[in-house]
Amino acid sequence: MTAAMLLRALCDFLRELLAEYAAAKGDGGRYIPPQVFEWYLPFKNPKAPEKIDFPYVVARIVGGEDQRDLNVGSTVQMHLSFGVYDEGERVDGFLQPSGAYDLINLMEHVRIELQRKQVINSRFRIEMPYKWSIPEEQPYPLWVGEATTIWTVQSVTEQQTGGAIHAFSWE
């Protein structure tokens, strides 16, 4: 349940952060704020015309770890996927991959603000390292990248009980 609460808090933070961010291109080449999705991009309806969901940020839980020492805290690993749409621009007769700049600007904006804030919802702390990558293979004219984040969350606390446990017996 804590990991799910982190996912929702992170997506709320990203929605607020990106509500006025319009440095990423969407459908039709317009600059629009990225949409924030939990887990995956929305499933497509095969009977409806395809609509481009760009720009976007998707937050997804990928794992977690509890330490033997419960006072250390637990961690949750999250992936952030980023996507923008840009057909590029012609310069001196060559098509330039300008969408890569829109992508890296979006990724950097999120990275800087997460590291500046450090704690979201007063209980989830981002840890280092913050890792990000942009795959060499890109689904042109779509540009995608990913970040891996680690968050410290509250651990389960051990409950001490005293005495024997009593239960009804049919014997």
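- There is a path of hydrophobic side-chain contacts, each under 4.5 Å, that joins Leu10 to Ile126.
- Taken from OH in Tyr130 to CD1 in Ile150, the straight-line distance is 12.0 Å, to the nearest 0.5 Å.
- Between Gly145 and Pro135, the shortest heavy-atom distance links the atoms CA-CD, 4.2 Å.
- Using a 4.5 Å cut-off on side-chain heavy atoms (C-beta onward), Val144 and Tyr56 make contact.
- To the nearest 0.5 Å, atom OG1 of residue Thr152 and atom CD of residue Glu127 are 3.0 Å apart.
- In this structure Asn121 satisfies the side-chain hydrogen bond (donor to acceptor under 3.5 Å, both in side chains) test with no other residue, sequence neighbours excluded.
- The heavy-atom pair separating Met107 from Ser133 by the smallest distance is CE-O, 3.8 Å.
- In this structure, CH2 in Trp132 is found 13.5 Å from CG in Leu80, a value given to the nearest 0.5 Å.
- Side chain of Thr149 to main chain of Met78: a donor-acceptor pair is present (N/O by atom type, distance under 3.5 Å, no hydrogens or angles).
- Atoms CZ and CD, from Phe82 and Glu108 in turn, are 9.5 Å apart once rounded to the nearest 0.5 Å.
- Under a cut-off of 6.0 angstrom, the local environment of CZ in Arg8 is sparse, with at most 12 non-hydrogen atoms contributed by other residues, nucleotides or ligands.
- Closest of all the heavy-atom pairs between Ala3 and Ile61 is O-CD1, 3.4 Å.
- For Gln118 against Trp151, the heavy-atom pair with the smallest separation is O-CZ3, 4.4 Å.
- In this structure, the side chain of Tyr21 does not engage the main chain of Pro34 through any donor-acceptor pair within 3.5 Å.
- Residues Phe13 and Trp39 share a single hydrophobic cluster, defined by chaining ILVMFWY side chains whose heavy atoms lie under 4.5 Å apart.
- Between Phe37 and Gln35, the shortest heavy-atom contact is CZ-OE1, 3.4 Å.
- Taking every heavy atom of both residues into account, Leu18 and Pro33 meet most closely at O-CB, 3.3 Å.
- Linking ILVMFWY side-chain heavy atoms closer than 4.5 Å, directly or via other members, places Ile112 and Leu103 in two distinct hydrophobic clusters.
- Judged as a salt bridge (charged side-chain N to carboxylate O under 4.0 Å, His left out), the pairs with a partner in residues 112-123 (not counting sequence neighbours) are, in order, Glu113-Arg116.
- In the hydrophobic cluster analysis, where Ile, Leu, Val, Met, Phe, Trp and Tyr join through side-chain heavy atoms closer than 4.5 angstrom, Ile134 is grouped together with Val110.
- Note: Asp86 CG to Asp102 CG = 5.0 Å, rounded to the nearest 0.5 Å.
- Interatomic distance, Asp12 CG to Glu38 CD, rounded to the nearest 0.5 Å: 7.5 Å.
- Residues Val62 and Leu6 do not share a hydrophobic cluster, clusters being chains of Ile/Leu/Val/Met/Phe/Trp/Tyr side chains in contact below 4.5 Å.
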